[in-house]
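Single-structure report; data block below.
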Amino acid sequence: MDAFLNWFFAFITKMFGGIWQGLKSFFLGFVHIFDFGTYFGLFSQYQGSFGILGWIFAVLAFVLVYAFWTGLIVLIVLLIRKYIRYRSSLACNEDLLEEIAELHKDVTRLTKEKERIIALKSGVNIGQDELAVVNGDELDLPAEAYAGEMVVSADVHPAEKPQNTEPRFYRLTAVDEKYKNFTPPGYDDENMTLADICNEIRNFACFQSHLFYEIKTIRLMIAGFASTKMILLQGISGTGKTSLPYVVGKYFENDATIASVQPSWRDRSELFGFFNEFTKKFNETEVLRRIYESAYTNDVNIIVLDEMNIARVEYYFAEMLSILEMPDPEEWKIQLVPSVWPNDPALLEDGKLKIPENVWYVGTANNDDSTFAVSDKVYDRAFVINLDKKGVPFEAPETAPRRVSYGTIAKLYEKAVLEHPVSDELLEKIEKLDNFVIERFRVAFGNRIVKQLKTFVPVFVECGGDELEGLDYILATKVFRKFESLNLGLIRDEINGLISFLDATFGKNTMKECIAFLKRLQKSY
């Protein structure tokens with residue numbers, strides 16, 4: 001045992017001796033580094049032999065050494081401060097996490113309180129010290145809140161049980177009352193043509209409202225509605241984008257409904273409304289009321305979404321865009337509520353609203369820093385009309401409004417498609433153009449665009465336009481617009497070949513809209 005103790009003592013002594021020598025050397029080295037007395041002694045010893053150059057180097061040496069140690073000390077101080085701030089931020093983060101945990105507990109508690117209130121409003125009463133189960137959630141309710149005992153089935157959702165005889169759709173129910181003894185109006189549309197309607201709308205806008213539009217703009221709008229239910233009016237401010245659908249509604253003696261889109265619009269509830277769980281009422285919008293009322297009449301109905309791209313169109317209007325694409329109008333239905341109440345509006349079927357065909361939707365869009373870019377999904381489904389300049393004043397004869405039924409316009413659309421179908425020769429040229437664009441630019445027409453083209457062009461001709469003029473416009477706005485998303489640097493030289501192809505295929509300077517758009521793309525690069 002003595003031998004072990006002697007070894008252990010020698011071992012520990014050697015170890016701590018090394019530690020002491022290391023600490024001693026560190027402090028001695030630190031003292032030597034800042035032994036300014038020795039430094040001045042050395043300087044005094046050698047300065048007598050310095051020449052001018054020696055003195056200069058000596059001063060530089062002092063400056064450099066001083067700068068080095070000053071910088072090192074500053075760096076150490078900064079590192080220490082940074083470490084202190086880092087530790088402080090960690091402490092703050094821990095405090096925030098604790099606060100978040102407390103808030104989460106508060107949210108959980110408030111959620112339970114909300115569930116208790118819903119249970120109370122639904123008539124869920126329980127006895128003392130009992131638990132009520134609503135939708136699978138246990139609610140530990142105080143006995144003081146109840147006077148009697150009643151058991152409610154767990155599969156009954158509070159929102160699905162009517163609490164009184166008042167309707168949850170106030171506006172739609174009022175529409176039902178309005179049309180109980182409705183007599184359809186007389187329509188003044190015998191022997192009307194689409195060309196007559198376009199000319200009268202233009203003259204009516206001029207005479208009644210001092211609004212001046214080119215006849216081509218009116219033709220594009222009326223023909224555009226034949227190919228799609230959604231028109232997108234875009235361009236600079238002050239060109240009459242909102243006024244155009246407004247005056248069209250005045251002409252048809254059925255004022256347009258104008259809904260101002262807000263930046264906060266995120267989903268379809270902004271457009272149609274939503275069911276309030278607490279009031280048991282459906283918060284109806286004017287757009288919903290107008291769509292519902294349209295089913296009672298054969299009038300032309302126009303709904304304007306003003307500044308529609310101030311929010312993302314594909315968010316709040318996505319469902320409508322998809323529904324209106326369905327080939328069978330009987331399938332145009334939107335689910336408003338998941339259940340049926342006895343006093344729901346007459347035209348709701350299983351909580352679903354059927355979108356009538358006699359509603360046209362017009363969106364206005366400004367392209368500036370305050371708006372969102374319109375996505376390809378919207379451009380493909382809508383018909384775009386560019387209003388880039390103010391109308392030129394002209395003299396118009398006195399023109400009165402005319403009540404034209406939607407049924408008449410629909411028949412005129414069908415008649416136009418039958419009488420002015422796109423010729424086989426023109427379809428062959430379109431197919432050649434499609435192949436050329438796919439090969440050079442990797443952009444295809446798509447079935448939707450071809451379908452719209454076959455409807456739009458004949459109706460545009462019936463409105464008084466030219467077949468190639470209509471084709472030119474729809475190609476520029478539907479196909480070549482897609483070039484904006486391509487790398488213009490790579491396709492810039494190919495554009496000249498495309499312009500030459502258009503001239504050779506359709507005639508020199510015939511496709512004016514397309515060529516003007518392509519040249520603007522070249523200049524923008």
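Values reported hereafter were calculated over all heavy atoms of this structure, with side chains retained and with hydrogens, waters and symmetry mates removed.
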Starting from the C-alpha separation in whole Å, work towards a yes-or-no answer on side chain to side chain contact (heavy atoms under 4.5 Å, CB included) for L220 and I231. CA-CA 10 Å; L220 289 173; I231 295 286; over 6 Å; no

Give the C-alpha distance, both sets of side-chain angles, the deciding distance and a yes or no for side chain to side chain donor-acceptor pair (under 3.5 Å) between K478 and Q452. CA-CA 10 Å; K478 289 286 187 179; Q452 291 177 357; 3.0 Å; yes

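Ion pair E428/K432 not flagged as a salt bridge, since none of the NZ, NE, NH1 or NH2 atoms sits closer than 4.0 Å to an Asp/Glu carboxylate oxygen. In this structure, E349 does not pair ionically with K352, as no charged nitrogen and carboxylate oxygen lie closer than 4.0 Å. Under 4.0 Å is where a charged nitrogen must lie from a carboxylate oxygen, and between D376 and K482 no such pair does.
Residue N301 holds its CG atom at 7.5 Å from OG1 of T257, rounded to the nearest 0.5 Å. Annotation: the span from Y413 atom OH to T455 atom OG1 amounts to 11.0 Å, rounded to 0.5 Å.
Defined by atom type and a distance below 3.5 Å, a donor-acceptor pair is present between the side-chain atoms of E200 and Y251. At a cut-off of 3.5 Å, with distance as the only test, no side-chain donor of Q234 or K241 sits close to an acceptor on the other residue. A side-chain N or O of Y296 and one of D176 form a donor-acceptor pair less than 3.5 Å apart. For the residue pair T242 and D306, a side-chain donor N or O sits within less than 3.5 Å of a side-chain acceptor on the partner. Between the side chains of E398 and N203, no donor N or O sits under 3.5 Å from an acceptor N or O.
Counting only heavy atoms from C-beta outward, the side chains of M511 and Y473 never approach each other to under 4.5 Å.
With E214 as the fixed residue, the salt bridge (charged side-chain N to carboxylate O under 4.0 Å, His left out) test singles out one of R202, R219, K389: K389.
Aromatic ring pairs are classed by plane angle as parallel below 30°, tilted from 30° to 60° and perpendicular above 60°; the pair F436 and F501 is parallel.
A donor-acceptor contact shorter than 3.5 Å links the side chain of Y213 to the backbone of G240. Within the 3.5 Å criterion, the main-chain N or O of F275 finds no donor-acceptor partner in the side chain of R168. A distance-only check finds a donor-acceptor pair linking the side chain of N276 to the backbone of F278 [under 3.5 Å]. Side-chain N or O atoms of K281 include one that pairs as donor or acceptor with a backbone N or O of P167 at under 3.5 Å.
Residue pairs meeting the side chain to side chain donor-acceptor pair (under 3.5 Å) criterion with at least one partner in residues 182-197, sequence neighbours excluded, are Y187-D299, D188-R402, D189-S405, D189-T408, T193-D196.
Aromatic rings of F441 and F483 (six-membered ring for Trp) have centroids within the 6.0 Å cut-off, being under it.
Partners of Y179 according to the side-chain hydrogen bond (donor to acceptor under 3.5 Å, both in side chains) rule, which considers only residues two or more places apart in sequence or in another chain, are E293. Not counting sequence neighbours, the partners of E462 by the side-chain hydrogen bond (donor to acceptor under 3.5 Å, both in side chains) test are H420.
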